[in-house]
Amino acid sequence: MTAPRVDIDPDNAARDLVSLVLTVVELLRQLLERQAVRRIDQQDLTPDQEERLGTTLMLLDGAMTDLCTHHNLRREDLNLDLGPLGHLLPQENW
């Protein structure tokens, strides 16, 4: 017998929904960050573009931290366990 894959708690439905939305946002933020690093490594950007991109990514990271704090979530809570596939997000980021 396998363990249940979905744990639904009606008392925490809103928090779980926020957690799911923030998980998707965090996934996209990390993908953008990796794309930006790749473009910087390939020297595709001007120094001004690199500066603006770095500032934007830092602000996005701060916004994610603020949103998690506001909703009483830790960044680790956003990392879904996909079972045999592993975790959704790399764990070294936290």
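Predicted model, so just to flag it, every value in this text is computed and none were measured. Numbers for residues simply follow the sequence, beginning at 1.
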*Take Arg15 and Asp77 through the side-chain contact (heavy atoms from CB on, under 4.5 Å) test and state the conclusion after the steps.*
CA-CA 11 Å; Arg15 184 178 186 270; Asp77 295 336; 4.0 Å; yes
*Linking I/L/V/M/F/W/Y whenever their side-chain heavy atoms sit closer than 4.5 Å, directly or via other members, would Leu89 and Leu31 fall into one cluster?*
yes
*Hey, any chance Leu82 and Leu27 share a hydrophobic cluster, counting ILVMFWY side chains that come within less than 4.5 Å of each other, even indirectly?*
yes
_Single-linkage hydrophobic cluster Leu57~Met64, side-chain heavy atoms < 4.5 angstrom_ = no
*Remaining members of the apolar cluster that contains Met58, side-chain heavy atoms under 4.5 Å*: none
*Measure the spacing between CZ of Arg38 and CG of Asp41 and express it to the nearest 0.5 Å.*
9.5 Å
*Quick one: do Leu60 and Leu67 end up in the same hydrophobic cluster if we chain Ile, Leu, Val, Met, Phe, Trp and Tyr together by side-chain heavy atoms under 4.5 Å apart?*
no
*Can you check side-chain contact (heavy atoms from CB on, under 4.5 Å) on Glu51 and Thr46, steps first, answer last?*
CA-CA 9 Å; Glu51 182 68 26; Thr46 66; over 6 Å; no
*Are Leu20 and Leu28 connected in the hydrophobic side-chain network, where two residues link if heavy atoms are under 4.5 Å apart?*
no
*From Leu80 atom CG to His87 atom NE2, the distance as rounded to the nearest 0.5 Å*: 9.0 Å
_Heavy-atom closest contact (Gln49 atom, Asp44 atom, distance)_ = OE1-O, 4.3 Å
*Gap separating the OG1 atom of Thr65 from the CZ atom of Arg74, nearest 0.5 angstrom*: 13.5 Å
*Does a sphere of radius 6.0 Å around CD in Gln42 hold more than 12 heavy atoms from other residues, nucleotides or ligands, not counting ones at 6.0 Å or beyond?*
yes
_Under 3.5 Å donor-acceptor, Asn79 side chain and Leu88 backbone_ = yes
*If you look at every heavy atom in Arg75 and Asp61, which pair is closest and at what distance?*
NH2-OD1, 2.9 Å
*Find out whether Gln30 and Pro90 are in side-chain contact, i.e. whether some heavy atom of one side chain is under 4.5 Å from a heavy atom of the other.*
yes
*State, to 0.1 Å, how close Ser19 and Leu73 come at their nearest heavy-atom pair, and which atoms those are.*
CA-CD1, 3.9 Å
_Connected hydrophobic set around Leu32, excluding itself, where side chains approach under 4.5 Å_ = none
